[in-house]
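First up is the structure itself, then whatever we jot down about it.
Side-chain atoms are counted along with the backbone in the values below, which use heavy atoms only and exclude waters and symmetry mates. Protein chains get the first letters and strands the later ones, always in sequence-line order, with residue 1 at the start of each.
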Amino acid sequence: MDSSLSLSLATFIYALASIFYIGSFSFKKNTLAKIGFIVLIIGFLFNTGGIILRWIESYQIGYGHAPFANMYESLVFFSWTVAVLYIFVEFKYKESIIGVFASPIVFLAIAYASLSPDISSKITPLIPALKSNWLIAHVIACFLGYAGFAVAFGFSIMYFAKPQNPETKSIFAKLPSWDIIDELTYQMVVFGFLFLTIGIITGAVWANSAWGKYWSWDPKETWSLITWFVYAIFMHLRMMKGWQGRKLALVSIIGFLAVMFTYFGVNFLLSGLHSYG
Amino acid sequence: MKKNKTVSEKIWQFFCSVKLTVTTLVLLALTSMIGTIILQNGSQSEYVRLYGESFYKIIKVFTFDDMYHAWWFLGLIIILCINLVVCSIERLSTTWKIIFPKKIKFNATRFRKQKNLETFTIKKELATLSSSYENFLLKTIGKVIKEETLDSIILYAEKGRWTRIGVYVVHSSILLLLIGALIGMVFGFKASLNLDEGKTSDTAVIAKSRESVNLGFSIKCNKFDVKFYDTGAPEEFKSNLTIIENGKVSFTKDILVNHPLRYKGINIFQSSYGTAAPDSAHVDIVKLSDKSVTHLSIKIGEEINLPNDMGLFKLEGFLPHFDFRGHNLGEAFIGRITPKDGQSFQIGIPVKFPTFDKMRKGNFAFIVKEFEKKYYTGLQITKDPGVWYVYAGFILMIIGCWITFFMSHESYFIEIQKKQGKTLRVCFSATTNRNQQSLKLKIKKYVVKLKGKQ
């Protein structure tokens, strides 16, 4: 088996997991969500295997670098981080139906990587600027941050999907109580915020050791700071102003839009140091 | 509260509001976008070409061409700092007593009203159960406070009271790194230096102001090397540099991208490279009438006699990118021919196109056969004495965030009451300042353990 087969299988299995979760959500069958969870874990194993194989293959070709060097690899890793975070949340909080808001993100990211004609899956050599031990720390931290915000975004959607009145008998009635959704969203934002902070900091330290400047207002840097501001606002509104519910969920959604722009928009629309992913 | 506030009180009130924090952060987020859309630090002609004359005037008024150093942007950062300091002082003056109390007290009624209260009955001796629970709390939570009445015992334990300081750690880390940035802005510089192989220099050009700065020592580039991948992309480039101080060689070191040289507070980075002018070239001079070839090695600046005494030829210089009618023909030498009877004129000899000069249809065609390729190394030279404050701020920020987000002040409460016979009623609840959900899960876990202690 090679990495591309393993990752294709992961894409397919993630799609299956999403279908199970959506099914469980639509037909109010918890069992389907339980199956979805197991399928998701299997997909996650193939995703992990694919990343490791790709790492090995890069050494066999002679380039020898961690698989975090272009858009394709970053999307595959993004799927992986969202999956690992969601699996952790479901393990800890035992709420399975919420997977309907997280599993599609996992599937869409990896599917986009494999299917988009603009994204090449070729293993490319590392440009000199990326040859640093900081690469791995920086990428892992940033993507854990992105993953936290992505899962928070999925949970925030619940505020607009679940009826406010608990008496309502609709397909959304199976969703967890507001207390839990609120807490989970907040936990994910906090997780994302910590890792985004670490990601920005490792990036700054790296930039200082590569170019002699820890901050140069490069578009990627600036947008990650904008994202950081949005989530700082989120936390101040929640803790100091007592915001909650839909109002706060909206801030989390805006934050995720900023994440998306930092991730894709900067690469496709603006120019800068991060053209590789 | 007094009704008539003095001016200073009003100012204090203004800076102490969270509304101001949120507003400033929103403004910072929104305005930061401008600099990612509008070109930064460009020249006037670039702005006029990109945005037009009238928009350029607006750009100039608001300093959008260098917006992250504009007065209004720095103003926002300063407002945020004052806001942060005032808020922290205001809040810390009240939370200080909570964080460092003289004596730890707890409110039993508050715990009895907790949503997460768990109640169960156990058949056991009050004293033995209480001491076993006390032991449990001591092991899993911390020091236990015990309150006894005739027929009940209350046990209280807490941990992580100090973690309430976390948010202030984060706030002070922001101040620390802004101080570091300020020090860097005032006392540091960022300059660049292009150094040909074999050349020495002790001055670099500051990126922004185009002024030159003396480094206090000289840098000599002994050698430059570049390796390529099969794809043609550069794999690695490195310069072998010697630092010369007061005319004496200090040391020699290789620098690569990501592996800079640091000396006396000055950092020297490998940032780019290019082709430098060579000293000489091997030139074939073809006489077009009889195709006879003369081979010569000519130094740059040297003038030679053309064969058959037909005039003079001077090799004037080298261009890394020779522009011919808008086409970049790459590396080329520039020569000047002075015919025996006539005006001198200039010719270009592109290295990659040996037939190029033939097309001029002169008496001779010049072909550069080979030349010793020389590189220049592009060095980035920076000085930033504030960087250590920034790094300290970074570390403090990560620690502060960790404390604030993942640690909490948790208080646990167990009340054991005597009921009829040997039955004891146990009430167990807890409070925390954050992460209620995770506390709920912990309580469920602990209750199983408490029930098990028969």
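Checked by atom type and distance alone, the side chain of N267(B) never pairs as donor or acceptor with a backbone atom of G212(A) at under 3.5 Å.
Interface residue K115(B): only side-chain heavy atoms are found under 4.5 Å from chain A. Heavy atoms closer than 4.5 Å to chain B are found nowhere in N133(A), neither backbone nor side chain. Heavy atoms closer than 4.5 Å to chain A are found nowhere in V167(B), neither backbone nor side chain. Looking at L28(B), the atoms closer than 4.5 Å to chain A (heavy atoms on both sides) sit in the backbone and in the side chain alike. The part of T382(B) that comes within reach of chain A is its side chain, from C-beta onward, which places non-hydrogen atoms under 4.5 angstrom from that chain. Using a 4.5 Å cut-off between heavy atoms, E236(B) contacts chain A through both its backbone and its side chain.
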For side-chain contact (heavy atoms from CB on, under 4.5 Å), just list the numbers for K131(A) and V257(B), CA-CA rounded to whole Å, side-chain angles, deciding distance to a tenth of an Å, and then say yes or no.
CA-CA 8 Å; K131(A) 285 186 186 166; V257(B) 181; over 6 Å; no
Can you check side-chain contact (heavy atoms from CB on, under 4.5 Å) on S209(A) and H259(B), steps first, answer last?
CA-CA 7 Å; S209(A) 70; H259(B) 297 276; over 6 Å; no
Would F406(B) and V190(A) count as a side-chain contact (heavy atoms from CB on, under 4.5 Å) here? Give the steps.
CA-CA 9 Å; F406(B) 297 120; V190(A) 150; 4.2 Å; yes
I'd like to know whether R91(B) forms a side-chain contact (heavy atoms from CB on, under 4.5 Å) with M240(A), so could you lay out the CA-CA distance, the side-chain angles of the two residues, the decisive distance to 0.1 Å, and finally the verdict.
CA-CA 11 Å; R91(B) 282 176 44 79; M240(A) 306 305 300; 3.8 Å; yes
Ring pair (Phe, Tyr, Trp, His ring centres under 6.0 Å) assessment of Y391(B) paired with Y214(A)
CA-CA 10 Å; Y391(B) 279 14; Y214(A) 51 82; 7.2 Å; no
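Between W134(A) and N258(B), the side chains place no donor N or O within less than 3.5 Å of an acceptor N or O (distance only, hydrogens not considered).
To the nearest 0.5 Å, atom CD1 of residue I233(A) and atom OG1 of residue T21(B) are 10.0 Å apart. Remark: M67(B) CE to T222(A) OG1 distance equals 8.0 Å, nearest 0.5 Å. Rounding to the nearest 0.5 angstrom, the gap separating the CZ atom in F229(A) from the OG atom in S32(B) is 5.5 Å. A distance of 11.5 Å separates CZ of R434(B) from CD of E183(A), quoted to the nearest 0.5 Å. Within the model, atoms OG of S438(B) and NZ of K92(A) stand 4.0 Å from one another, a figure rounded to the nearest 0.5 Å.
Open room surrounds CZ on F88(A); 12 or fewer heavy atoms of other groups in view lie less than 6.0 Å from it. Around atom CH2 of W72(B), more than 12 heavy atoms belonging to other residues, nucleotides or ligands sit under 6.0 Å away. Residue F187(B) qualifies as open at atom CZ: its count of foreign heavy atoms under 6.0 Å is 12 or below. When the shell of 6.0 Å around OH of Y389(B) is examined, it contains 12 or fewer heavy atoms from other residues, nucleotides or ligands. For K383(B), the NZ atom is loosely surrounded, since the number of other residues' heavy atoms within 6.0 Å does not exceed 12.
Between A232(A) and L25(B), the shortest heavy-atom distance links the atoms CB-CD1, 4.1 Å. The heavy-atom pair separating K241(A) from K19(B) by the smallest distance is CE-N, 4.1 Å.
In this structure, the side chains of F405(B) and Q187(A) stay at 4.5 Å or more apart for every pair of heavy atoms. With contacts defined as side-chain heavy-atom distances shorter than 4.5 Å, the pair Y63(A)/Y229(B) qualifies.
Between Y68(B) and W215(A), a ring centre-to-centre spacing not shorter than 6.0 Å is recorded.
Under the side-chain contact (heavy atoms from CB on, under 4.5 Å) rule, F394(B) has a single partner from I200(A), T202(A), I201(A), which is I201(A).
Of the listed residues V230(A), T197(A), V205(A), the one with more heavy-atom pairs under 4.5 angstrom with chain B than any other is V205(A).
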